[in-house]
Amino acid sequence: MSATATTAPAPAPAAAPSHTRGPSALGGDLRRSLSLTWILAVTDFKLRYFGSVLGYLWTLMRPLMLFAVLYFVFTQVFALGEDVRYYAVYLLTSIVLYGYFQETTGGGVQCLMARENLLRKMHFPRIAIPVSVSLSALFNLGLNLIAVAVFAVAAGVTPHWSWLEFPLLVLALAILSIGFAMLLSVLYVRFRDIEPIWDVVLRIAFYASPVLYVIGMLPQTIQREMLAINPLATILTQMRHAVLDPSAPSAATAIGGTWRLLIPATLTVGVFVLGLWLFKREAPRIAENL
Amino acid sequence: MSVRGVSKSFRLPHEQYSTLKQRVLHPRRTHRFSELRALDDVSLEIGQGEFFGIVGRNGSGKSTLLKCLAGIYSTDSGRIEVRGRLSPFIELGVGFHPELSARDNVVINAIMLGLTRKQALERFDEIIAFAELEEFVDLKLKNYSSGMSVRLGFAVAIQVDADVLLVDEVLAVGDASFQQKCFDQFDRLKAEGRTIIFVTHAMDSVRRFCDRAMLLERGDVVDIGDPDAIASKYAEVNFGTVAGGGPSGAPDVPRARVRDVWCAADGAGRPEGGATAAVDVAQGERAAAAMEVEFVDPVDDPVFTITFRNDVRHTIYVARSDRISASGKFAAGDRVTVRFDFPNWLAQSVYTLTPGVLSSDGRIVLDMREDAATIRVTGGLATGGVAELPTEMEIERP
């Protein structure tokens with residue numbers, strides 16, 4: 001009801017009439033929207049490994065197992081990480097961060113479909129659904145980062161003031177991921193092809209981002225282009241510089257000048273704005289198009 | 001609440017274009033779709049504290065209207081104004097998760113419906129006590145019977161802080177004693193000045209609770225008014241007399257009253273247990289369906305009917321007196337039992353019986369009681385058809 005004449009809550013029967021204009025992406029009672037988003041995310045997170053013997057442990061085990069396999073292959077078979085300081089910690093951190101992106105966007109594709117029952121039976125700001133998916137993935141990320149921190153300290157990474165940059169990088173990643181989640185969720189309502197397409201995109205993005213390798217292993221020109229078109233690469237590169245190894249190139253260095261960082265930043269904000277715009281446009285008809 | 005000129009249509013594509021490939025391969029093919037007008041210029045006013053019923057046949061637009069009122073669907077045109085807080089949901093137990101315990105589900109559901117976590121926890125005991133599920137609080141919802149989870153949903157729903165409640169087909173929940181509790185709650189809500197708008201097929205509850213009711217037919221408002229009149233009209237719509245364009249209009253006071261109806265094996269007589277108990281009737285044997293009618297006014301040649309509907313509400317069989325013979329004259333105060341004997345070739349299923357008394361030309365409904373009794377046809381064949389007719393077979397070889 002963002003565009004309606006009045007959005008003031010009207011608890012008393014004598015209050016001025018408000019117009020019901022149908023569903024929307026945002027709007028309504030903010031407190032209720034937030035608690036709804038929260039409860040959806042918590043329930044989703046709780047149910048993820050519900051009934052499994054190890055429960056929440058799986059949240060940690062999955063990235064750790066993937067890490068173990070990749071670490072073995074890329075240090076023993078390809079001898080990739082030899083020149084990289086803290087390669088193991090870098091690999092684990094980038095897997096965890098990429099995992100958040102994958103979970104939010106991949107889960108975002110089908111999130112509206114999965115909550116069909118709610119959408120058809122209840123009035124609430126539609127945006128709560130993709131945001132809750134991202135929030136639930138964020139819980140996951142939080143747990144994983146605890147493991148990463150333990151691992152990093154054990155590996156001998158020294159805490160540094162520039163660690164304060166890390167939350168900002170996660171924020172940028174979250175903005176990018178939620179942007180994609182909003183975009184993909186409404187597109188999926190119309191085109192069921194989005195699911196296989198996004199599957200492939202995620203796979204490509206995994207290799208097109210410095211998850212297994214570090215950006216310095218690529219030729220200079222490719223470095224610049226990759227960081228310009230792939231905000232994930234920028235975030236991971238800056239993460240390495242700020243958190244693990246101050247001697248590693250920062251994103252600004254790798255992209256060839258601080259001002260050029262505007263390109264991935266614009267892309268990130270652009271995806272978010274596009275996602276929000278499309279989501280708002282489609283929100284009134286999501287329930288009937290499902 | 002006031003609704004002015006609300007219309008809503010759905011596009012029904014003839015071919016589903018939901019893949020990109022189809023769009024790419026046939027870019028110029030125009031999208032063929034038919035427009036279904038679910039609501040056509042609907043207007044109504046509902047006052048504070050009113051209990052308003054919306055009735056109509058399947059597909060008449062009542063649930064769509066409710067969803068528009070709740071803000072789940074956007075309207076194409078028209079205006080809906082509400083004074084006060086509207087309940088956001090239209091069905092009980094929205095968002096219940098089968099893997100979680102009742103305890104978790106109650107809290108989650110209550111928060112979804114707009115309570116704070118604190119309020120939800122405060123009212124938790126009250127909710128569980130109302131649903132009479134104290135022993136099962138920590139049981140997963142998937143192990144609940146459907147009746148239990150509906151009770152739980154109802155118990156949460158009545159805690160919601162809204163001035164206007166919207167409910168879709170929920171009055172018939174639980175057993176008789178729980179229904180009574182629900183009705184008491186409705187009375188309480190009404191006494192508190194809340195407005196309740198509900199959609200139903202159960203004319204008994206419309207007659208019993210509604211201050212006013214509305215009959216919808218194909219998206220049009222047929223009539224708004226006194227629940228008794230609307231319930232009779234609903235019966236007429238179901239019978240097709242309104243569609244036939246006849247001079248309809250149910251009398252304010254029914255001219256005849258159906259007192260009772262039952263069906264049993266022929267010769268078994270009135271079954272024990274009243275109309276609520278489902279009676280078993282064996283397939284392939286003769287059965288008897290009977291109704292007891294009391295006349296309020298003198299009526300000439302009324303038509304007595306008993307309609308059998310199966311579990312998916314298809315009309316399977318109608319026993320109708322005027323197809324057999326004229327029924328004669330009845331004086332005010334006459335009390336008669338009309339009995340139809342028939343060979344029972346109905347398929348194995350559960351059937352509801354709807355007795356009716358019509359005027360001699362069949363155009364005016366004097367009284368009708370929707371789904372007043374239930375029978376269960378057992379034994380015999382089960383081929384998947386709606387009837388199992390006695391059949392002989394012969395194979396001829398040339």
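No hydrogens, no waters, no symmetry mates; every other heavy atom, side chains included, goes into these values. Naming: A, B, ... by sequence-line order, numbering from 1 per chain.
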Is A:L119 close to chain B through its backbone or its side chain, or both, or neither, when contacts mean heavy atoms under 4.5 Å?
backbone

Of all heavy-atom pairs linking A:K121 and B:I72, the shortest is C-CD1, 3.3 Å

Out of curiosity, A:I39 CD1 to B:D104 CG, how far, rounded to the nearest 0.5 Å?
9.0 Å

Decide yes or no for B:S74 and A:E288: does some side-chain heavy atom of the first lie under 4.5 Å from some side-chain heavy atom of the second?
yes

Chi angles and distances behind the side chain to side chain contact (heavy atoms under 4.5 Å, CB included) call for A:H123, B:Y73
CA-CA 9 Å; A:H123 175 71; B:Y73 284 169; over 6 Å; no

If you count heavy atoms of other groups shown closer than 6.0 angstrom to CZ of A:R62, is the number above 12?
no

Determine whether B:L100 and A:T43 make a side-chain contact, defined as any pair of heavy atoms from C-beta on separated by less than 4.5 Å.
yes

Would you say that more than 12 heavy atoms from the other residues, nucleotides or ligands in this model lie under 6.0 Å from the CZ of B:R117, or not?
no

Turns out that what part of A:R120 lies under 4.5 Å from chain B's heavy atoms comes down to both

Counting only heavy atoms closer than 4.5 Å, note whether A:L47 contacts chain B via side chain, backbone, both or neither.
side chain

Region of B:R194 that comes under 4.5 Å of a non-hydrogen atom in chain A
neither

B:T116 versus chain A, the contacting section by heavy-atom distance below 4.5 Å:
both

Set out, in order, the CA-CA distance, both residues' side-chain angles and the distance that settles side chain to side chain contact (heavy atoms under 4.5 Å, CB included) for B:L113 and A:M122, then state yes or no.
CA-CA 9 Å; B:L113 303 188; A:M122 207 161 85; 4.0 Å; yes

